[in-house]
Amino acid sequence: MSTATLAPVATAQRPLAVRLADSWAQTGLLIQWQLRRSAQSLPLLVLVQILLSVATIAGYGLLVGHPDHLAGLYLATGAPTVALITVGLVMTPQAVSQSRTEGSLDWLRTLPVPRGLFLVADLTVWTLIALPGLVLGIIAGAIRFDADLAPTWWLVPAALIVSLTSAAVGYAMASMLAPTVAQLMSQVLVFVVLLFTPISFPADRMPDWAQNLHAWLPLEPMAQVIRAGLAPHDFTVPGRSWIVLGVWCLAAVVGAGSALRKRG
Amino acid sequence: MDEVLRVRDLHKRFGRGPSAVQANAGVDLDVDAGQVVGLLGHNGAGKSTLVNQVVGLLRPDSGTITLAGVDAVADPDAARRLASVQAQANVPITGLTPRRAVELVGRIRGGRTADVRARTEHLIAALDLGPWANTPAEKVSGGIARLTAFAMTAVVPGRLVVLDEPTNDVDPVRRRLLWSQIRALADDGAAVLLVTHNVREAERVVDHLAVLDQGTVLAAGTPAELTAARSGHLSLEVDLIPGRQPHWPEGSTVVDRGHLRATTTVPAAQAAAAVQWAGDEQSAGRIERYALAPTSLEDVYVDLVATTEEHAA
Ligand SMILES: Nc1ncnc2c1ncn2[C@@H]1O[C@H](COP(=O)(O)OP(=O)(O)O)[C@@H](O)[C@H]1O
Ligand SMILES: [Mg+2]
């Protein structure tokens, strides 16, 4: 019987450059795996995401009619922010919970792939899913509220940080909590993000205690960086917000990574 | 031979207090390169728990696992680079086809594209997966999914290949093909740890066996060693008739196998007398059917496990 030659198994000690090249290739392959596995639901997810973002703009429009310049800016920048955050905080935990229940996650964990790469691959996929909704939401907002948006160059890295942080929080949540609890949590979070976070309105409309709470959560800083990135003439990001966001981003990535490494 | 896997005094307990389960209670196990080692044991014996500790999904309470010289407990990442695993649960691959899934996993495991392609085609042909290779995974049967999962493990095999019940749901014809591919993995130099219920079929493929029960290794050895104590004996298998009691020969020890089956051991010298007895019982309508066969590994296995069960009861 003829046997095709077996590829040699990677050994533990290899030069850093080789390991980096391998990691790069493996990340690409993992992304391919995830995208192909969700090929059927992917267009729908992106579509829902776009609808959510555009519909939020339309809904805000119905609620407020014709707002003044500043309120218009809040609404036009808030809707895409909400859409971006929900991908990470809602869709990511739902997908992770599902892959835990169906056994995908445990199988993936037996592959000879550094844990960090799973995270990188997954977060990339979720960011890709979120982007079309973000862009179309921004355009719809600018038109509906006649907002003179002037996106800056750093809007791109800022959006990536927001997407990364919310997806990592969602990922960590879904990896550490029981699937049913994680699902429930994510549904509560949509509500909080949509209505009780100063994303589409100024923070001073909230009671003091809520303002104090949001000073420590990552949601308000997320809204601030997107808002200021889209309308830099009207808004700036307080230095403190960058720090709060950065700390959350780091903590969430570390938390999600260690959840992946955990052994029962 | 080249030692690849070495497990010593492995302990793993789930939960605390009175409801705790001691899934592994001091397991020792060795697998060398070029060997297929069968791990037998009924449901809940602790087989999967052992496997999951080898690949770093579970952390042992105590004991050591050495994989090609690497401490697998301290460095699970390194262990995973040395092992490939087919888990007991099937891998969900909806959205992919068997061929795509095998190729992608081969490349994720670090195989070169051309090698992986060739090896994938080889496995698809060898397991007769051709008719299903390009079918979306949601339309393939459980057996084909199981074979695909095997191919995903064998496409770029590690120094150690762990197969947790690979033959489940696989049809008899393809099961033969699968057994020969399992053998081929070892012949190509891998150390193969094979978890199975299928004692009868495994017997022909494995070099070495360990019987696990309630977290401990009850017996270990080659199939010949394990059946040696019974050489010179035959096994008389009897299908019973509901409500009827056969008149067993004087002094025979009868083991009830359940499902209206019973067996007894007969010295080879008395084979003719045993057949005479069984024929008479059948004519008298006290047994349905009988068969006389050399003592199989399955008999030894069932006896081993049954004995501890009586002790436990
Ligand atoms: N994650 C777990 N939590 C609690 N108990 C478990 C877990 N995994 C296995 N067990 C228990 O440990 C014992 C051994 O299980 P397992 O290793 O799956 O057996 P096998 O694979 O031999 O059928 C069983 O009693 C099982 O219920
Ligand atoms: Mg099992």
Side-chain angles (χ1 to χ4, degrees), chain A residues 1-14 18-19 21-43 45 95 98-118 121 125 257 260-264, chain B residues 14 52-53 55-59 70 75-87 89-96 100-101 104-112 115-123 126 137-138 149 152-159 162 180 184-185 187-190:
Chain A
M1 190 180 56
S2 80
T3 313
T5 45
L6 307 179
V9 169
T11 45
Q13 265 74 44
R14 291 163 307 155
V18 176
R19 286 213 304 267
D22 280 0
S23 300
W24 180 251
Q26 274 184 326
T27 309
L29 291 164
L30 286 173
I31 291 174
Q32 203 182 333
W33 177 271
Q34 300 288 47
L35 285 180
R36 282 186 192 278
R37 280 226 47 211
S38 45
Q40 281 172 336
S41 52
L42 215 58
L45 270 180
Q98 191 198 339
S99 99
R100 271 179 76 189
T101 336
E102 73 174 7
S104 251
L105 198 63
D106 261 350
W107 174 75
L108 282 169
R109 280 165 22 114
T110 67
L111 291 177
V113 175
R115 298 313 197 208
L117 296 192
F118 288 121
V125 169
L260 270 174
R261 260 180 284 268
K262 206 180 109 200
R263 284 180 282 175
Chain B
F14 292 110
N52 288 336
Q53 291 171 100
V55 294
L57 291 184
L58 292 173
R59 174 188 269 287
V70 171
D75 192 352
D77 286 342
R80 265 189 296 275
R81 283 195 293 271
L82 292 162
S84 48
V85 191
Q86 178 182 3
N90 258 346
V91 186
I93 54 164
T94 42
L96 296 158
R100 261 260 134 66
L104 254 178
V105 171
R107 289 171 59 204
I108 292 175
R109 286 189 196 279
R112 297 207 338 262
D115 296 342
V116 167
R117 279 235 172 94
R119 176 82 176 144
T120 303
E121 291 317 311
H122 168 77
L123 286 168
E138 46 276 28
M152 285 159 69
T153 311
V155 60
V156 178
R159 299 275 301 275
V162 182
S180 75
L185 280 173
D187 295 344
D188 287 338

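Residue numbers start from 1 in every chain, and the chains themselves are labelled A, B, ... in the order their sequence lines are given, proteins ahead of strands. All of these numbers come straight from a predicted model, not from anything done at the bench.
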Between A/Arg263, A/Gln40, A/Arg36, who has the most heavy-atom pairs with chain B when the cutoff is under 4.5 Å? A/Arg263

Among the options [options], pick out the one with the most heavy-atom pairs lying under 4.5 Å from chain A.
options                     : result
B/Thr94, B/Val162, B/Asp77  : B/Thr94
B/Gln53, B/Arg107, B/Arg100 : B/Arg100
B/Leu57, B/Val55, B/Asp187  : B/Leu57

Under 4.5 Å from any heavy atom of chain B, what part of [X] do you find: side chain, backbone, both or neither?
X        : answer
A/Arg261 : neither
A/Glu102 : both
A/Trp107 : side chain

Between B/Ser84 and B/Arg109, do the side chains contain an N or O donor and an N or O acceptor separated by less than 3.5 Å? no

Side chain / backbone / both / neither for B/Ala101 at chain A, heavy atoms under 4.5 Å: both

Is there side-chain contact between [X] and [Y], with at least one heavy-atom pair below 4.5 Å?
X        : Y        : result
B/Arg80  : A/Arg115 : yes
A/Leu105 : A/Phe118 : no
A/Gln32  : B/Leu104 : yes
A/Leu29  : A/Val113 : no

Test: B/Glu138 and A/Arg37 ion pair at under 4.0 Å: no

